[in-house]
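Values below: every heavy atom of this structure, side chains too, minus hydrogens, waters and symmetry copies. Order of listing sets the numbers, starting from 1, for every ligand and every atom in it.
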Amino acid sequence: MDFQQLTTARPDTQLADPGAVLQQVFGYEQFRPLQEDIIQELVAGRNALVLMPTGGGKSLCYQVPALVRPGTAIVVSPLIALMQDQVAALRQLGVRAAFLNSTIDLQEARATENALMTGELDLLYCAPERLLQPRTLELLGRASISLFAIDEAHCVSQWGHDFRSDYLGLDILAREFSQVPRIALTATADERTRREIAERLSLTDARHFISSFDRPNIQYRIAPKVNANKQLLDFIKSEHEQESGIVYCLSRNKVESTARMLEGKGYTALPYHAGLPPEVRANHQERFLREDGVIVVATIAFGMGIDKPDVRFVAHLDLPKSLEAYYQETGRAGRDGNPSTAWMVYGLQDVIKLRQMLEGSMGNEQFKRIERQKMDAMLGLCEVTTCRRQALLRYFGDSLEQSCGNCDTCLTPPETWDGTVAVQKALSCVYRTGQRFGVSYLIDVLRGVDNDRIRQAGHHLVTTYGIGTELAANEWKSVFRQLVANGFLRTDPEGYGALQLTEDCRALLKGERGIELRKDPAVKASTRRTRDRANLSDHVQDPEGWEALRACRKSLAEQQGVPPYVIFHDATLLEILERRPRTMEEFAGITGVGKAKLDKYGETFLSVLAGGSST
Ligand code: ADP
Ligand code: ZN
């Protein structure tokens with residue numbers, strides 16, 4: 001790469017003004033909340049710790065100061081696979097960016113190092129293990145450094161799920177480069193992780209910038225699982241046809257079978273899990289990033305750092321283990337701010353399976369206790385009868401004054417019913433049959449089913465036999481699910497799926513307290529969402545024009561070997577379609593069009609609008 005060829009993005013005038021950089025380089029009119037304060041802090045040479053949700057706009061917080069302050073900004077990121085696209089996106093903007101990690105050969109690395117030493121780089125992305133090599137540290141010691149940005153900073157936390165031991169070494173930056181401002185960024189919200197980041201990265205003196213964790217453009221929905229595949233198909237078909245999405249499953253087998261099922265229905269659905277060869281995984285990730293309308297079916301192994309902005313839906317066919325995981329996984333939808341859906345189905349078996357996994361896992365009691373609490377919080381969100389967003393944000397110590405109007409419980413408030421008597425029957429049935437049976441059996445006893453198994457056990461003689469005919473089997477299932485989810489019943493430690501009473505259920509059994517249960521909505525076509533669909537192309541007035549713009553973007557992207565959104569985001573494309581600029585000047589006024597992109601693509605897109613050919 002010849003760095004000389006990259007024109008500098010710095011505005012010709014003085015470098016001092018972040019606002020000018022925002023407009024001229026990035027093509028954005030205004031900073032988002034907190035961005036400006038964070039940038040000021042860094043520009044003034046002070047440290048910062050930033051917590052922002054995915055899609056909140058963290059990158060600009062260091063990219064703008066990188067262009068304002070003299071020297072090269074060093075960005076530490078564990079996401080090697082993405083550095084290339086991040087750098088490509090910056091170069092599109094005319095910013096002089098490069099990366100150093102294990103994927104490049106010696107020659108390239110030397111060229112990049114030279115560019116660093118001669119002051120030809122605005123930003124240098126670097127994997128942590130690379131940064132910590134004595135050679136790199138020695139080079140940095142001689143280079144002019146504007147700032148250090150430590151992305152995905154929660155990787156320093158041993159409690160988190162993304163711990164990277166290399167991150168522990170990063171506090172060397174505080175000692176060796178005490179004059180250089182440092183910014184640590186993460187989307188992981190909880191207090192404990194934040195404290196750990198501050199301590200381990202020697203950022204205790206840094207100002208903390210914590211933005212709201214609300215993602216208003218994501219619609220949260222959780223439905224009882226009836227027929228998961230059919231529900232998933234209905235959901236995609238009616239709301240996200242032809243759009244990109246991620247479907248999460250717990251096991252590799254289920255990933256494979258779900259991907260095959262979707263393929264069979266004509267979707268481009270690619271499996272992704274740790275059991276696939278690395279090259280297959282890389283290929284599927286690549287296709288997801290570069291092609292339109294690809295669905296990835298994955299275990300949690302997929303997704304960290306996927307910063308594809310136009311993922312329109314995230315579907316969960318299995319329960320995540322915690323709200324942290326749920327929030328992080330659903331957060332991969334809609335980074336571009338456009339309407340997106342976080343959709344999940346869950347049922348009694350999921351609860352039982354997760355509880356069994358937890359109890360059977362290695363780990364000491366304290367660890368299990370924490371995990372148990374996390375799972376309870378997750379189940380709480382599933383069963384909540386008030387606004388899901390409020391519940392979710394409350395968990396992260398954030399608050400939302402009013403119910404959101406954009407989650408399923410807001411859109412179709414669930415009915416509740418007085419489950420006191422039913423719950424007494426269910427619990428005493430568990431008790432009378434010796435706490436040795438699973439749900440189906442218990443339901444059969446309650447409903448007075450006459451079969452050999454029950455007769456042999458003598459359970460046709462217990463007092464709870466046949467006392468529950470007022471509810472259908474699936475209604476009883478819903479009762480049991482809520483009892484397990486709310487901790488009144490647990491599964492046996494041996495893992496047979498037998499239900500047992502917990503301490504908490506005493507008051508219920510004795511009738512000392514009542515309980516309201518959620519009435520599961522009937523899953524019929526009629527309960528499908530009737531409000532505005534999230535499908536982006538539904539908002540487009542001129543489908544032909546839209547397709548022409550997309551085709552143009554696609555061919556430009558292919559020519560350069562970059563993902564389409566690196567050329568322009570959907571939101572920018574939509575604005576072009578709506579405002580129909582006719583001159584370069586008008587084109588410059590589109591959000592997301594900075595100086596470099598105006599020069600590179602202005603003419604091409606204007607000619608598409610004028611009805612000419614796209615390339
Ligand atoms: P994060 O790293 O926090 O997940 P990004 O930095 O990738 O988020 O930003 C998310 C999206 O928001 C990107 O497409 C980015 O270009 C856009 N964005 C960030 N700041 C602004 C702004 N001030 N105005 C308009 N768009 C912005
Ligand atoms: Zn709501």
Exercise. Judging by distance only, is a nitrogen or oxygen of Y28 under 3.5 angstrom from one on ligand 1?
Worked result: yes
Exercise. Are side-chain heavy atoms of D151 and Y125 found at a separation under 4.5 Å?
Worked result: no
Exercise. Between G57 and ligand 1, is there a nitrogen or oxygen pair with a distance under 3.5 Å?
Worked result: yes
Exercise. Who's the nearest protein heavy-atom neighbour of atom 17 (C) of ligand 1, and how far?
Worked result: R32 NH2, 3.5 Å
Exercise. Identify the closest protein heavy atom to atom 10 (C) of ligand 1: which residue and atom is it, and at what distance?
Worked result: G55 O, 3.6 Å
Exercise. Are any of the N or O atoms of P309 closer than 3.5 Å to those of ligand 1?
Worked result: no
For this session: With the Zn ion (ligand 2) at the centre, find the angle made by SG from C387 and SG from C410, to 10°.
Result: 100°
Seminar exercise, completed: Near F31 (heavy-atom distance under 4.0 Å), the atoms of ligand 1 are 23 (N)
Exercise. Do the side-chain N and O atoms of Y248 and R332 include a donor-acceptor pair separated by under 3.5 angstrom?
Worked result: yes
Seminar exercise, completed: Note: Y167 and S77 closest approach over all heavy atoms is OH-CA, 3.9 Å
Problem set entry | Note: K308-D85 ion pair, threshold 4.0 Å (strictly below) | no
Seminar exercise, completed: ligand 1 to T54, heavy atom cutoff 4.0 Å, flagged ligand atoms 4 (O)
For this session: For this output row, return yes or no: ring centroids of F288 and Y272 closer than 6.0 angstrom.
Result: no
Problem set entry | Per-residue contact class, H569 against ligand 1 - non-hydrogen pairs under 4.0 Å | side chain
For this session: Kindly say whether the aromatic ring centers of H316 and Y326 come within a distance under 6.0 Å.
Result: yes
For this session: Taking only heavy atoms of Q30 into account, list the atoms of ligand 1 that are under 4.0 Å away from them.
Result: 22 (C), 23 (N), 24 (N)
Seminar exercise, completed: Taking the Zn ion (ligand 2) as the apex, C404 SG and C407 SG span an angle, rounded to 10°, of 110°
Exercise. Nearest heavy-atom pair of D171 and R200: which atoms, and what distance?
Worked result: CB-O, 3.3 Å
Exercise. Can F313 and F235 be said to form a ring-ring contact (aromatic ring centres under 6.0 Å, His included), step by step?
Worked result: CA-CA 10 Å; F313 68 92; F235 163 67; 5.7 Å; yes
Problem set entry | Shortest protein contact, atom 5 (P) of ligand 1 (heavy atom only) | S59 OG, 3.6 Å
For this session: Starting from atom 11 (C) of ligand 1, locate the nearest protein heavy atom and write down its residue, its atom name and how far away it is, to 0.1 Å.
Result: R335 O, 3.9 Å
Problem set entry | Numbered atoms of ligand 1 (with element) below 4.0 Å of P53, judged on heavy atoms | 3 (O)
Exercise. Is D520 paired with K225 through a side-chain N to carboxylate O contact shorter than 4.0 Å?
Worked result: no
